[in-house]
Amino acid sequence: MEELKIVKDRILEFIKECDDEKSIELFGHLATGKMLRSKLILKIAGVNEESIKLCAIVEMIHAASLLHDDVIDEATTRRGSPSVNALYDAKTAIMFGDVLYSKAFTELSQMNRKVAYNISSAVTKLSIGEMMDIDLTETFNTDYSLYLDMIYKKTASLIEASAASAAILANKDEEKYALYGKNLGLAFQMIDDILDITQDSTTLGKPAMFDFVEGKATIPYLLLHQRLDDKTKLESLFKKELNEVDALWIKQQMERTDSLNDAISQAKALGREAIMILEDENSEGLIKIMKEMIEREF
């Protein structure tokens, strides 16, 4: 999309305004990914100076959170390329993340007051969600509501705020678009968690079922834990390197208890709810984004 190139160019302009050669160099190593938040903003608000600026701000915030994520997770790759912390060091990655955050907030302060409030509040939630995610890896979390709250804060809150803010710029119904964004974010994270189990290592770019090894009890594991009569084996495998026999046992139990299928159904239900919300809003592009995500093969 030509519009996404304009967003990338705007981010580079913002970074150049920082007047720091190291930051420009580090920006060259950032993997931009699918730019879901920008696609969402541009579908809602159209392509104009304010919407491009909002996209650039949100992408900088998202990139900063990923830089910090990679340090926390000690990740050496990001979307198949070496991570900034692997190429340089953890301190450099953290400080560059801080540069992106602070520049994004500088630009955000010059935008519509409600937009600035929405995005700023979401970043607070995102940071709390990151802390929750770390805390939830300490023991096997069996609380479904805690998982939902964590993925809402960590992933969905910024997508929700992006959609709501774009609606404000376009004089559209903020509440409807906020709910669409929230559901998109929740479904996106759930499906990401499901793909960790259903896809192979080559497709994922990391070992399959790695979330469980890292200490993440995602929605399929939560549902499985609820349905197992004897929960001790599953709990004993938590945060352990899984051999082929253990991984196969987990998958078989998920199939036997319908845990994986029901996790997929819950993600799809969130997507369908979001589609219904926008049925009267002439938002075919947004409906297409959601359908493509929830109608994929698992």
Side-chain angles (χ1 to χ4, degrees), residues 31 33-34 66 69-87 90 129-130 132-148 150-151 154-155 186-271 292-298:
K34 296 186 178 76
L66 295 182
D69 253 4
D70 286 345
V71 173
I72 292 164
D73 296 340
E74 298 180 353
T76 56
T77 61
R78 167 63 60 181
R79 300 189 180 103
S81 299
S83 59
V84 171
N85 52 298
L87 286 170
E130 294 277 9
M132 289 176 70
D133 193 22
I134 293 165
D135 288 344
L136 289 176
T137 63
E138 291 180 9
T139 56
F140 193 117
N141 171 50
T142 59
D143 189 334
Y144 182 68
S145 62
L146 257 182
Y147 165 77
L148 276 183
M150 184 273 289
I151 65 168
K154 183 181 176 182
T155 303
L186 290 171
F188 176 83
Q189 187 58 59
M190 283 184 177
I191 288 170
D192 200 50
D193 293 342
I194 291 161
L195 291 174
D196 178 72
I197 298 164
T198 61
Q199 300 295 310
D200 60 31
S201 300
T202 307
T203 307
L204 291 168
K206 62 177 183 177
M209 303 178 81
F210 192 60
D211 284 350
F212 199 59
V213 176
E214 280 194 313
K216 298 178 191 293
T218 57
I219 181 171
Y221 296 101
L222 279 164
L223 295 179
L224 176 60
H225 189 270
Q226 287 174 5
R227 296 170 185 186
L228 285 173
D229 293 326
D230 183 1
K231 307 175 193 300
T232 52
K233 181 169 182 178
L234 182 65
E235 290 171 356
S236 73
L237 296 175
F238 183 62
K239 293 176 78 168
K240 301 280 172 62
E241 289 290 336
L242 299 175
N243 59 39
E244 285 186 23
V245 174
D246 292 333
L248 181 61
W249 179 82
I250 290 174
K251 287 184 177 181
Q252 287 174 337
Q253 296 307 309
M254 283 186 177
E255 187 175 341
R256 182 182 67 79
T257 60
D258 266 342
S259 302
L260 194 61
N261 285 336
D262 287 349
I264 293 167
S265 296
Q266 287 191 35
K268 289 184 173 182
L270 285 166
E292 284 176 353
M293 188 173 67
I294 65 171
E295 289 177 0
R296 64 187 296 169
E297 290 298 316
F298 292 93

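Since we're looking at a predicted model, the values are computed, not measured.
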Less than 3.5 Å apart, any donor N or O on the side chain of D262 or Q266 sitting next to an acceptor on the other?
no
Distance (rounded to the nearest 0.5 Å) between L136 CG and L146 CG:
5.5 Å
Would a distance-only check, ignoring hydrogens and angles, find a side-chain to backbone donor-acceptor pair under 3.5 Å from D193 to P220?
no
Rounded at 0.5 Å granularity, tell me how far CD in E235 sits from OG1 in T142.
8.0 Å
With distance as the sole test, does T257 use its side chain to make a donor-acceptor pair with the main-chain N or O of R227 at under 3.5 Å?
no
Can I197 and M254 be said to form a side chain to side chain contact (heavy atoms under 4.5 Å, CB included), step by step?
CA-CA 10 Å; I197 298 164; M254 283 186 177; 3.7 Å; yes
Under the side chain to side chain contact (heavy atoms under 4.5 Å, CB included) rule, what do N141 and Y147 come out as? Steps first, then yes or no, please.
CA-CA 8 Å; N141 171 50; Y147 165 77; 4.2 Å; yes
Shortest non-hydrogen contact from F238 to G215?
CZ-O, 3.3 Å
Got a second to check how far I264's CD1 is from I194's CD1, nearest 0.5 Å?
5.0 Å
For side chain to side chain contact (heavy atoms under 4.5 Å, CB included), just list the numbers for L148 and Q189, CA-CA rounded to whole Å, side-chain angles, deciding distance to a tenth of an Å, and then say yes or no.
CA-CA 10 Å; L148 276 183; Q189 187 58 59; over 6 Å; no
Residue pair R78 / L66, side-chain heavy-atom distance below 4.5 Å
yes
Nearest 0.5 Å, please: how far is CD1 in I250 from CG in L260?
12.0 Å
Within the structure provided, determine whether E241 and D246 are in side-chain contact (heavy-atom separation under 4.5 Å).
no
Are V84 and D70 close enough, and set up right, to give a side chain to side chain contact (heavy atoms under 4.5 Å, CB included), and what steps lead you there?
CA-CA 8 Å; V84 171; D70 286 345; over 6 Å; no
Nearest non-hydrogen partners of L222 and D143, listed with the distance:
CD2-N, 4.1 Å
Using atom types as modelled and distance alone, determine if a side-chain donor or acceptor of K239 lies under 3.5 Å from a backbone N or O of T137.
yes
Specify the closest pair of heavy atoms between A187 and L270, including all atoms of both residues, with the distance to one decimal.
N-CD1, 4.1 Å
Using a cut-off of 6.0 Å, state whether more than 12 heavy atoms not belonging to E255 lie near its atom CD.
no
Classify the ring geometry of F212 against Y221: parallel below 30°, tilted from 30° to 60°, perpendicular beyond 60°.
parallel
Nearest 0.5 Å, what's the OG1-CE distance between T155 and M150?
7.5 Å
Shortest non-hydrogen separation from K231 to L228 and the atoms involved
NZ-O, 2.9 Å
Measure the NZ-CD1 distance between K268 and I191 for me, rounded to the nearest 0.5 Å.
8.0 Å
Sub-4.5 Å side-chain heavy-atom contact between V213 and M209
no
